[in-house]
Each structure stands twice: as C-alpha cells, then as structure tokens.
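Structure record follows, encoded as structure tokens.
The basis for the numbers below is simple: all heavy atoms, side chains too, and nothing from hydrogens, waters or symmetry mates.
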Amino acid sequence: PLFNFIYSYTVISITNGVVGYQDGPIATAQWEEISGLCVDTSRNIYTSAYAKPVVRKISSDLLTASTLAGDRTVGDINGQGTNAKLGSADNISVDNNGTIYYADQNNDKIKKIDKNGNVTTFITNAFTNYCVTAEVAPSGNVYLLGSDITTPSIAKYNAAGVLQWKISSHGVGYGTIDGDSSIVKFNTFSFGNVSIDETEANLYFSTYSNASGTPSQIRKLNLSTLTT
C-alpha cells in the first residue's frame, strides 16, 4: 500500500521581541540585537551582539537568559564574564566541549570563551585587516573568513592555533571566478559566513554583493583536493 506522510512544523518565539538588555526569566529577558547564534551539544543557545559586544546564553530548558562574557562596550580585555571586553562580531561558533569561538573584528583576534565565561585569546592577527567569522569543526580545527587589507581570504588553524593554510582571492579588486588558487576570485571583505561539513572535505562560504557588481553567492571549497 501507498502511504502519504504529512509533516507539521511549529515555529515558536523564544524571546519576547522587546528591545533592551535584561537577563533573567526568558519571558521578560530583552535583547538589543543578535548578530550571531550557535547551539552547543547540551542545547544551550548563545548569541552575540555587534554594536555592543556581549555573548549571552539561553539555558537548554529555554527558561533563563544570562550574560556569559562582555560588558557591551568595545574593547580588548581578557577576563571572566563582564570583566572582559570584546570587539564586534558577526558570528560565533561552539565546539563539542561548549567553548565558544568569537571572531573579534575590531582587534583581528579569535577569542575563546569557556562555559564559565572566561575569555582568552586563541589567535592573534589572523589577517592583516580583520576576521569576519570563525567556524570550529568537531576535530577542533578552526576555519576563518577574513580580509588581508582589501584581499578576501580563507584560513585554517589547528586546535593548537597554528596556521595550516590560507587561500586568498587572486589579483586586484573583487570578482567571481571559480577554479584553483591561482585564478579564484571571491568577495568576503566585510560580511560573510563559513561552514564546514563533518568530514572536513568541503567548506562552504557566502559572499555579498557590493557597488562593484559582485553578486551574493554561496561558494564551495573542496578541501580533499587542496594542496598547500
């Protein structure tokens, strides 16, 4: 016999939509902005903010909001909780141990934030301009999207923070050219995101359109054929 399966999906609002800054019960908690979002293996939700840098946590039972790290002012101070100062970040990522990787654009650093809100510097000067986003793989390898002056670049660091390779857009200016590293062109100068599959064989990244006519695209980098 033939069966027709009907799937039903329900969308719920976790936060109340009121603009502000307030921790506590999720029903009354407030957010000024959410620039990045990630979920750990225990289903805790973490958010980042760009203009007033802070990382906040929503408990796995969706009942409580709390501030994990940052004091909502731009800076570069490691420390615990609100004693730390962070730069602006578009995206955040979390590893299997619950450690958050924070791409600090103002200071061109990758910060690590542990479960207790302790902020430490993981990578310094990943790019000569700034890092746009960071994605951590299950292995602990970290993949970065950023800019060297005006040259969009992608880099891989191992779990110890050692650079493994870097690929940059070829030539001067922006564009869209597929191919190997000798001709490839892409645009991730100030916005973009990156994601890696579970086997770390393929990396996907987004580009954005700008005045030069470069279109917004999803690009794929085949790491199984990458030579360095």
(request) Could you tell me whether the side chains of Asn78 and Thr121 share a donor-acceptor contact shorter than 3.5 Å? (result) yes
(message) Could you check whether Asn116 and Gln80, counting side-chain N and O atoms only, form a donor-acceptor pair closer than 3.5 Å?
(response) no
(request) Would you please say whether a donor-acceptor pair under 3.5 Å links the side chains of Ser60 and Ser42? (result) no
(message) Side-chain heavy atoms nearer than 4.5 Å, only ILVMFWY residues, links allowed to pass through others: does that put Ile14 and Ile34 together?
(response) yes
(message) I'd like to check Ile154 versus Leu203 (side-chain heavy atoms, cut-off strictly below 4.5 Å). Are they in contact?
(response) yes
(request) Using the ring pair (Phe, Tyr, Trp, His ring centres under 6.0 Å) rule, collect all pairs that involve residues 71-112, keeping only residues at least two apart or in two chains. (result) Tyr101-Phe122
(request) Kindly write out the residues that satisfy side chain to side chain donor-acceptor pair (under 3.5 Å) with Lys115, not counting sequence neighbours, or none if the list is empty. (result) none
(message) If you apply the rule salt bridge (Lys or Arg N to Asp or Glu O under 4.0 Å), what do you find for Lys111 with Asp76, and how did you get there?
(response) CA-CA 10 Å; Lys111 297 294 187 78; Asp76 184 15; 2.9 Å; yes
(request) Could you pull out the closest heavy-atom pair between Ala29 and Gly24, with the gap in Å? (result) CB-O, 4.3 Å
(message) Less than 4.5 Å apart, side chain to side chain, heavy atoms only: is that true for Gln164 and Tyr157?
(response) no
(request) Could you check Thr82 against Thr67 for side-chain contact (heavy atoms from CB on, under 4.5 Å), going step by step and ending with a plain yes or no? (result) CA-CA 8 Å; Thr82 56; Thr67 296; 3.9 Å; yes
(request) Verify whether one side chain among Asn118 and Lys112 offers a donor that lies under 3.5 Å from an acceptor in the other. (result) no
(message) I'd like to know if the side chain of Asn16 reaches the main chain of Ala27, judged simply by a donor and an acceptor atom lying under 3.5 Å from each other, with no hydrogens or angles considered.
(response) yes
(request) Over all heavy atoms of both residues, which pair between Ile113 and Leu68 is shortest? Give the atoms and the distance, please. (result) CG2-CD2, 3.8 Å
(request) Report whether Ile92 and Val54 are members of the same hydrophobic cluster (ILVMFWY, side-chain heavy atoms less than 4.5 Å apart, transitive linking). (result) no
(message) Assess, by modelled atom type and distance only, whether the side chains of Thr15 and Trp31 contain a donor and an acceptor separated by less than 3.5 Å.
(response) no
(request) Kindly give the heavy-atom pair with the smallest separation between Ser93 and Ala134, and that separation in Å. (result) CB-O, 3.4 Å
(request) List the atom of Val194, the atom of Tyr143, and the distance in Å for their closest heavy-atom pair. (result) CG1-O, 3.9 Å
(request) Report yes or no: is the cationic atom of Arg56 (NZ for Lys, CZ for Arg) under 6.0 Å from the centre of the six-membered ring of Tyr46, at an angle within 45° of the ring normal? (result) no
(request) Examine distances only and state if a side-chain atom of Asp197 and a backbone atom of Asn202 form a donor-acceptor pair shorter than 3.5 Å. (result) yes
(request) Check the side chains of Ser66 and Asp23 for a donor-acceptor pair under 3.5 angstrom, ignoring hydrogens and angles. (result) no
(message) Set out, in order, the CA-CA distance, both residues' side-chain angles and the distance that settles side-chain contact (heavy atoms from CB on, under 4.5 Å) for Thr133 and Leu144, then state yes or no.
(response) CA-CA 6 Å; Thr133 187; Leu144 309 179; over 6 Å; no
(message) Are Ile110 and Cys131 packed together at the side-chain level, in the sense that at least one heavy-atom pair is separated by less than 4.5 angstrom?
(response) yes
(message) Could you report the tightest heavy-atom contact between Gln105 and Asp90, atom names first, then the distance?
(response) NE2-OD2, 2.9 Å
(request) Run the salt-bridge test on Lys85 and Asp71 with the 4.0 Å N-O cut-off and return the result as yes or no. (result) yes
(message) Between Ile58 and Val39, is there shared hydrophobic-cluster membership here, with clusters defined by ILVMFWY side-chain heavy atoms closer than 4.5 Å?
(response) yes
(request) Check whether any side-chain heavy atom of Asn97 lies under 4.5 Å from a side-chain heavy atom of Asp40, and answer yes or no. (result) no
(request) Please name the pair of heavy atoms, one in Gly87 and one in Pro53, separated by the smallest distance, quoted to 0.1 Å. (result) O-CB, 3.4 Å
(message) Quick check: do Leu86 and Asn107 have side-chain heavy atoms less than 4.5 Å from each other?
(response) no
(message) Is there a side-chain contact between Ile26 and Leu62 in this structure, where contact means two heavy atoms from C-beta onward sitting under 4.5 Å apart?
(response) no
(message) Membership question, hydrophobic clusters at under 4.5 Å side-chain separation (ILVMFWY): are Leu223 and Tyr204 in the same one?
(response) no
(message) With a 4.5 Å cut-off on side-chain heavy atoms, are Asn83 and Ile77 touching?
(response) no
(message) Is any side-chain heavy atom of Leu145 closer than 4.5 Å to one of Asn193?
(response) no
(message) Between Ser35 and Ala89 (side chain of the first, backbone of the second, donor and acceptor by atom type, cut-off under 3.5 Å), is there such a pair?
(response) yes
(request) Would you kindly say whether Asn141 and Glu200 are connected by a side-chain donor-acceptor distance under 3.5 Å? (result) yes
(request) Quick one: do Asn106 and Ser88 satisfy side-chain hydrogen bond (donor to acceptor under 3.5 Å, both in side chains)? Show the steps, please. (result) CA-CA 6 Å; Asn106 295 95; Ser88 300; 3.1 Å; yes
(request) State plainly whether the residues Glu32 and Lys52 are in salt-bridge range, i.e. N to O under 4.0 Å. (result) yes
(request) Start with the C-alpha distance between Thr28 and Gln22, add both sets of side-chain angles, then the distance that settles side-chain contact (heavy atoms from CB on, under 4.5 Å), and finish with yes or no. (result) CA-CA 8 Å; Thr28 56; Gln22 182 172 313; 3.8 Å; yes
